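All residue numbers refer to positions in the sequence shown, counting from 1. From a predicted model like this one, the values you see are computed outputs, not experimental measurements. Computation of the quantities below employed the complete heavy-atom set of this structure, encompassing side-chain atoms and omitting hydrogens, waters and symmetry-equivalent molecules.
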Amino acid sequence: MPTVPPASTAPSAPPLLGLHHVALICRDVLRSRDFYTRVLGLPVLHEQYRAERQSHKIDLALPDGSQLELFSFPSPPARPSRPEACGLRHLALRVADLPAWVAHLLAQGVAVEPLRTDEVTGATFTFFADPDGLPIELVQSGA
């Protein structure tokens with residue numbers, strides 16, 4: 001396993017300001033648009049069809065100013081495994097009222113895993129999947 005130098009000896013990097021966006025590739029852009037806007041309540045900032053790439057792109061706003069980008073491409077490969085494929089493991093979103101979100105998702109027909117508590121941080125969380133099987137975690141804010 002590679003070793004990581006102690007923070008005191010690591011070169012100083014300029015500060016990061018936060019997360020700008022996360023890009024997701026979806027198989028059915030209309031189904032994913034509905035899920036992220038209707039079920040999760042994210043507003044659409046911009047959407048376009050890029051004919052040269054046969055690709056839809058939809059920019060969705062998150063409450064903290066960051067964004068989710070939904071892309072569609074012809075015949076995208078399936079996700080290799082859930083959730084241990086190399087790359088993005090899951091998308092985690094902060095919520096103020098986790099039980100209310102679980103009730104909302106269940107009312108929308110979305111399967112939700114039982115609530116768990118992180119043994120290190122004490123945070124309460126759960127997982128569900130988007131229409132393409134991407135794991136999404138909801139984490140109780142303030143934990």
Side-chain cluster (under 4.5 Å, hydrophobic types only) that Val120 belongs to, other residues
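So far as hydrophobic clustering goes, Val120 is joined with none.
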
Residues clustered with Leu45, ILVMFWY side-chain links under 4.5 angstrom:
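ILVMFWY cluster around Leu45 holds nothing else.
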
Spacing of [X] atom [atom1] and [Y] atom [atom2] [to the nearest 0.5 Å]:
{"X": "Gln67", "Y": "Leu19", "atom1": "CD", "atom2": "CG", "answer": "10.0 Å"}
{"X": "Asp34", "Y": "Asp28", "atom1": "CG", "atom2": "CG", "answer": "10.0 Å"}
{"X": "Ser66", "Y": "Leu60", "atom1": "OG", "atom2": "CG", "answer": "11.0 Å"}
{"X": "Leu42", "Y": "Ile58", "atom1": "CG", "atom2": "CD1", "answer": "11.5 Å"}

Partners meeting side-chain contact (heavy atoms from CB on, under 4.5 Å) with [X] (sequence neighbours left out):
{"X": "Ser55", "answer": "Arg50, Arg53, Phe71, Phe73"}
{"X": "Pro76", "answer": "Ile25, Arg27"}
{"X": "Arg116", "answer": "Glu113, Phe125, Phe127"}

Please report the C-alpha distance between Val29 and Glu47 in whole Å, then the side-chain angles of each, then the deciding distance to 0.1 Å, and finally whether the side chain to side chain contact (heavy atoms under 4.5 Å, CB included) criterion is met.
CA-CA 11 Å; Val29 72; Glu47 55 188 305; over 6 Å; no

Pairs where residues 27-65 contributes a residue and the test ring pair (Phe, Tyr, Trp, His ring centres under 6.0 Å) is met, not counting sequence neighbours:
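As it turns out, the ring pair (Phe, Tyr, Trp, His ring centres under 6.0 Å) pairs with a partner in residues 27-65, which skip direct neighbours, are Tyr49-His56.
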
Got a sec, which pairs hit salt bridge (charged side-chain N to carboxylate O under 4.0 Å, His left out) with one end in residues 12-23, sequence neighbours left out?
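Output for this query is empty, none listed.
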
With salt bridge (charged side-chain N to carboxylate O under 4.0 Å, His left out) as the rule and sequence neighbours excluded, what pairs involving residues 97-106 come up?
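Found none.
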
Could you pull out all residues at least two apart from Asp132 that satisfy salt bridge (charged side-chain N to carboxylate O under 4.0 Å, His left out)?
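Partners of Asp132 under the salt bridge (charged side-chain N to carboxylate O under 4.0 Å, His left out) test: Arg31.
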
Among residues at least two apart in sequence or on other chains, which ones pass salt bridge (charged side-chain N to carboxylate O under 4.0 Å, His left out) with Asp59?
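Per chain and number, Asp59 pairs via salt bridge (charged side-chain N to carboxylate O under 4.0 Å, His left out) with Lys57.
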
I want to check something: taking the side chain as every heavy atom from C-beta on, are Leu40 and Leu68 in contact at a cut-off of under 4.5 Å?
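A side-chain contact is absent here, since even the closest heavy-atom pair is not under 4.5 Å.
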
Contact between Val95 and Val139 at the side-chain level, heavy atoms closer than 4.5 Å - yes or no?
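Counting from C-beta outward, Val95 and Val139 never come under 4.5 Å.
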
Mind listing the closest non-hydrogen atom pair of Leu70 and Cys26 along with its distance?
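The pair with the smallest heavy-atom distance is CB-SG, 4.3 Å.
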
Report all side-chain donor-acceptor pairs from residues 98-108 shorter than 3.5 Å, counting only partners two or more places apart or in another chain.
from	atom 1	to	atom 2	distance (Å)
His104	NE2	Val39	O	2.7
Gln108	OE1	Arg38	NH1	2.4

Is the count of non-hydrogen atoms from other residues, nucleotides or ligands lying under 6.0 Å from Gln54 atom CD greater than 12?
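Counting other residues, nucleotides and ligands, CD of Gln54 stays at 12 neighbours or fewer.
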
Do other residues, nucleotides or ligands put more than 12 heavy atoms under 6.0 Å from Gln48 CD?
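Yes, because the 6.0 Å sphere around CD of Gln48 holds more than 12 heavy atoms from other groups.
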
Within the side chain of Thr37, is there an N or O that forms a donor-acceptor pair under 3.5 Å with the backbone of Arg33?
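Yes.
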
State which residues pass ring-ring contact (aromatic ring centres under 6.0 Å, His included) with His21; sequence neighbours excluded, sorted by chain then number.
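His21: no ring-ring contact (aromatic ring centres under 6.0 Å, His included) contacts found.
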
